[in-house]
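Structure first, then comments.
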2 protein chains.
Amino acid sequence: MTPTRCQEIIEAIGQAGDVEAIHGVCADLTRECGFEQFIYAASVPTSFVKPSLIIISGYAREWREHYNNQHYMGVDPTVAWCAHNILPLNWVHLEADAHGNPQLNQFMSDARDFGLSSGVSFPIHTAQGDSAMLSLASPEQHGKAQPRIVEAMPYGQLFTAYLHETVRRVFADQMLPVSRADLTPREQECLLWVTEGKTTWETSQILNISERTVTFHLQNTVEKLGVVNRQQAVARAVAMGIIRPQYN
Amino acid sequence: MTPTRCQEIIEAIGQAGDVEAIHGVCADLTRECGFEQFIYAASVPTSFVKPSLIIISGYAREWREHYNNQHYMGVDPTVAWCAHNILPLNWVHLEADAHGNPQLNQFMSDARDFGLSSGVSFPIHTAQGDSAMLSLASPEQHGKAQPRIVEAMPYGQLFTAYLHETVRRVFADQMLPVSRADLTPREQECLLWVTEGKTTWETSQILNISERTVTFHLQNTVEKLGVVNRQQAVARAVAMGIIRPQYN
DNA sequence: CCGCCAACTGTAGGATCCTACAGTTACCCT
DNA sequence: AGGGTAACTGTAGGATCCTACAGTTGGCGG
C-alpha cells in the first residue's frame, strides 16, 4: 500500500457520516489489505457489569447468529486479547492455545467453517475508557496468509484508530453521557482528591474551603454523572478519563 | 519502508532488555523514518495527583533542561494531545493554535531553536490505565517534512505500541504494584458491584452472602491495593483495568 | 496430616457519607 | 437590571462505611 492510498483511506474514514458509510469504508480497506471479512466492535463502559457494544460486522450473518447463540463472546480469544492488549494479534498464534481447551477448539473450528481461518485483530484503547477492535480475516491457510498479515500490520493499527474516532463521532449520543467539560473545575478538583482516598474533611483542608462545600461539589458531581454515590462517581470519572494524571 | 524492515524493527524493539537498548532502537527507527530527534514518555497512574513518568529522550539535553526549568510539560501541546487522543498529531496543525496564545507561541519558538520544527507525535493508551507517547522531530520546515510525516504515520503508530510494551516489561517494577491476579475472584466481584454504586448490603444480596463477608472482601481489597478506602480502591482498580467490562 | 488460604460470619462503636432543609456572594452575559 | 451559574456555607438525622474484636469451614499441596 502506498502512503498516498493510506492517506486516502484515512480521509475516507474521516468523512464517513453514518453506519452504512463506515461499513463501506471498512469493506474497502479490508479488500485493499487482501482480506475478505472484517468486524469492528467497540465497547463503551457505561456500566462495568453491562457495557454497551457497538458492532459493525462484515462477517457472514450466519456466523454472527451462531456466535451469539453459543455466547462465543466469552470464548472468543480475539476479544479477550484486545480487551487487555495494545498489540495486534496475528491469529496464527492462537493455534497453540487451542490445544487442551475443547471450548476454544470448537470455537476456532466453527469459525473456520465460516471462512475465518487466518487473520489479524487490532485493539485500541482510549483515554476515555472506551475501547474497540478491528479484525481482518481470510479463508486462507495461516501459512499462505502471513505475507498479507505482516504487510497489513502498520496500516491496520492506524486505520483502527481513525475508525474508532469516527465511530465516536457518529455514535456520540451512545457514548458516555458527559465529558470532562461538564464538570466545573472545582468539582473536578474535589473528585480528584476523593480518588486519592481523601475524606471530605481532608479535601476541605487541602482546598481551603468548608467541609460542607466539598460535600456540595461532590453532590453535584454525582448528579451530573448520573450515578448514585461517590464510589460510582469515582469509577465513572476514572473510566471516562475525567480524572487523569496531572502534569505540573 | 518495506514490510520486512518494519518487522525487523518490531523484532528489535521486542528484544531490547534495558533502557540503553530501547534508546538505541528508538534512535534507529527515528533515522529510518527520516527524522532527527525523538522522545518517548510514559505515564503510570500510580497516583492521579502525581503520576510517575518514564522518559527516554533522544532530544538535546539542553532542551530537556530548559523544558523542565520552564515547566513546559503543562504547556506542551503534544503532551496535552496525547493525553486525550488516540490519533497521531502532525505538528503542522499546531500552528493555528499558537495564534493568540503567547505561552504556547513562546514554547514553539523555543522548540524550533533546538531543532524541533516539524514532527509527529503518536499516543498510546492501555487497558491498564498507563499511557505513552512517541514524538519524532526534524528541524525541517513543515512543508518540506510533510511527505516524511505522511509516510511515517502507520509505522510510527505501530512502533509506539511495541515500544510501550517493551517499556512495560523493562520497567515492570515501576509499573503498578499489583495486577488483577492479586485479587481473588470474590474480591474482584465485590469490588465490581461497588464500582456500580451498590452498597455493602445490596452487594451481599447479589452475591448471596452476608453483609459482613462483603465488608471482609472489600477490606482485603483495600489492603492489597495499598489504598486507604473504597473510593480509592475503586479509582485504582478502574485505572489499572482490574475492573473492566464483563462480556457475558 | 498439617499448614495455607479463600471464603465465610458475627458484634459494636465511631467515622464518614448522604440527603433535605435554606440560604449568600460574585461574575458574566444579555 | 435581571438571569444564569460557579462557588460557597450551615444544620441535622439517618444510612453507610470503617475498624477491631474473634472466630468456622473446605479445598489444595507439601
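Per chain, numbering begins at 1; letters A, B, ... match sequence-line order. Hydrogens, waters and symmetry mates play no part in the numbers below; they use all other heavy atoms, side chains included.
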Give me the distances for all protein-to-nucleotides 24-30 of chain D N/O pairs that come in under 3.5 Å?
none

All N/O pairs under 3.5 Å across the protein-nucleotides 9-13 of chain D interface:
unit_1: D:dT9; atom_1: OP2; unit_2: A:Ser210; atom_2: N; d: 2.6
unit_1: D:dT9; atom_1: OP2; unit_2: A:Ser210; atom_2: OG; d: 3.4
unit_1: D:dT9; atom_1: OP2; unit_2: A:Thr213; atom_2: OG1; d: 2.8
unit_1: D:dT9; atom_1: O5'; unit_2: A:Ser210; atom_2: OG; d: 3.4
unit_1: D:dT9; atom_1: O5'; unit_2: A:Thr213; atom_2: OG1; d: 3.4
unit_1: D:dG10; atom_1: N7; unit_2: A:Arg212; atom_2: NE; d: 3.2
unit_1: D:dG10; atom_1: O6; unit_2: A:Arg212; atom_2: NE; d: 3.0
unit_1: D:dG10; atom_1: O6; unit_2: A:Arg212; atom_2: NH2; d: 2.9
unit_1: D:dT11; atom_1: O4; unit_2: A:Arg212; atom_2: NE; d: 3.1

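Between B:Gln231 and B:Leu207, the residue anchored nearer the 5' end of DNA chain C, judged by the nucleotide with its closest heavy atom, is B:Leu207.
Computed from coordinates, the A:Glu223 CD to D:dA6 C1' distance equals 15 Å when rounded to whole Å. Taking atom CH2 on B:Trp201 and atom C1' on C:dC17, their separation rounds to 19 Å, with Å as the unit. Between the CG atom of B:Leu191 and the P atom of C:dA7 there is a distance of 13 Å, rounded to whole Å. Look at CG on A:Leu218: it is 15 Å from P on C:dT16, rounded to the nearest Å. Regarding B:Asn229, its CG atom lies at a distance of 13 Å from the C1' atom of D:dT19, rounded to whole Å. A:Gln232 places its CD atom 12 Å from the P atom of C:dC18, with the value rounded to the nearest Å. If you take CH2 of A:Trp193 and P of C:dC17, they are 16 Å apart, rounded to a whole angstrom. The interatomic distance linking B:Gln219 (CD) with D:dG23 (P) rounds to 17 Å, in whole Å.
The backbone N or O of B:Leu87 sits less than 3.5 Å from a side-chain atom of B:Trp81, completing a donor-acceptor pair. In terms of modelled atom types and a separation under 3.5 Å, the side chain of A:Glu187 and the main chain of A:Leu183 share no donor-acceptor contact.
Here the nucleotide nearest the side chain of B:Pro185, chosen from C:dT19, C:dA7, D:dT16, is C:dA7. Listed candidates were C:dT19, D:dC18, C:dC18. Nearest to the side chain of A:Arg230 is C:dC18.
Taken over five-pair windows at either terminus, the axes of the helix from C:dC1-D:dG30 to C:dT30-D:dA1 are inclined to one another by 60° (rounded to 10 degrees).
Sparse packing is recorded around CD of A:Gln103, with 12 or fewer heavy atoms of other residues, nucleotides or ligands lying under 6.0 Å away. For A:Glu223, the CD atom sits in a loose shell: 12 or fewer heavy atoms of surrounding residues, nucleotides or ligands are nearer than 6.0 Å. The number of heavy-atom neighbours closer than 6.0 Å to CD of B:Gln70, taken from other residues, nucleotides and ligands shown, is above 12.
For the side-chain hydrogen bond (donor to acceptor under 3.5 Å, both in side chains) criterion with B:Arg230, the lone passing option out of B:Thr221, B:Thr195, B:Thr200 is B:Thr200.
Nearest heavy atom pair, residue A:Leu94 against residue A:Pro77, reads CD2-CB, 3.7 Å.
Residue B:Thr215 is in base contact, counting any heavy-atom pair closer than 4.0 Å across all strands shown. No engagement by A:Asn220 is indicated, since no non-hydrogen atom pair under 4.0 Å with the nucleic acid exists.
Contact annotation: B:Arg186 does not reach the phosphate of C:dA7 (side-chain N/O to OP1 or OP2, under 4.0 Å). In this model, the phosphate group of C:dA7 is approached by a side-chain N or O of B:Thr184 to a distance below 4.0 Å at OP1 or OP2. OP1 or OP2 of D:dC8 has at least one side-chain nitrogen or oxygen of A:His217 nearer than 4.0 Å.
Aromatic ring orientation, A:Trp63 versus A:His66: tilted (interplanar angle from 30° to 60°). Taking the six-membered ring where the residue is Trp, B:Phe107 and B:Tyr72 present perpendicular rings, their angle passing 60° and hence far from 30°.
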Show your reasoning for whether side-chain contact (heavy atoms from CB on, under 4.5 Å) applies to B:Arg186 and B:Leu207.
-> CA-CA 9 Å; B:Arg186 217 43 166 173; B:Leu207 299 179; 4.1 Å; yes
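In this structure, B:Leu134 CG and B:Gln157 CD are separated by 10.0 Å, a value rounded to the nearest 0.5 Å. In this structure, CD1 on A:Ile86 lies 13.0 Å from OG on A:Ser131, to the nearest 0.5 angstrom.
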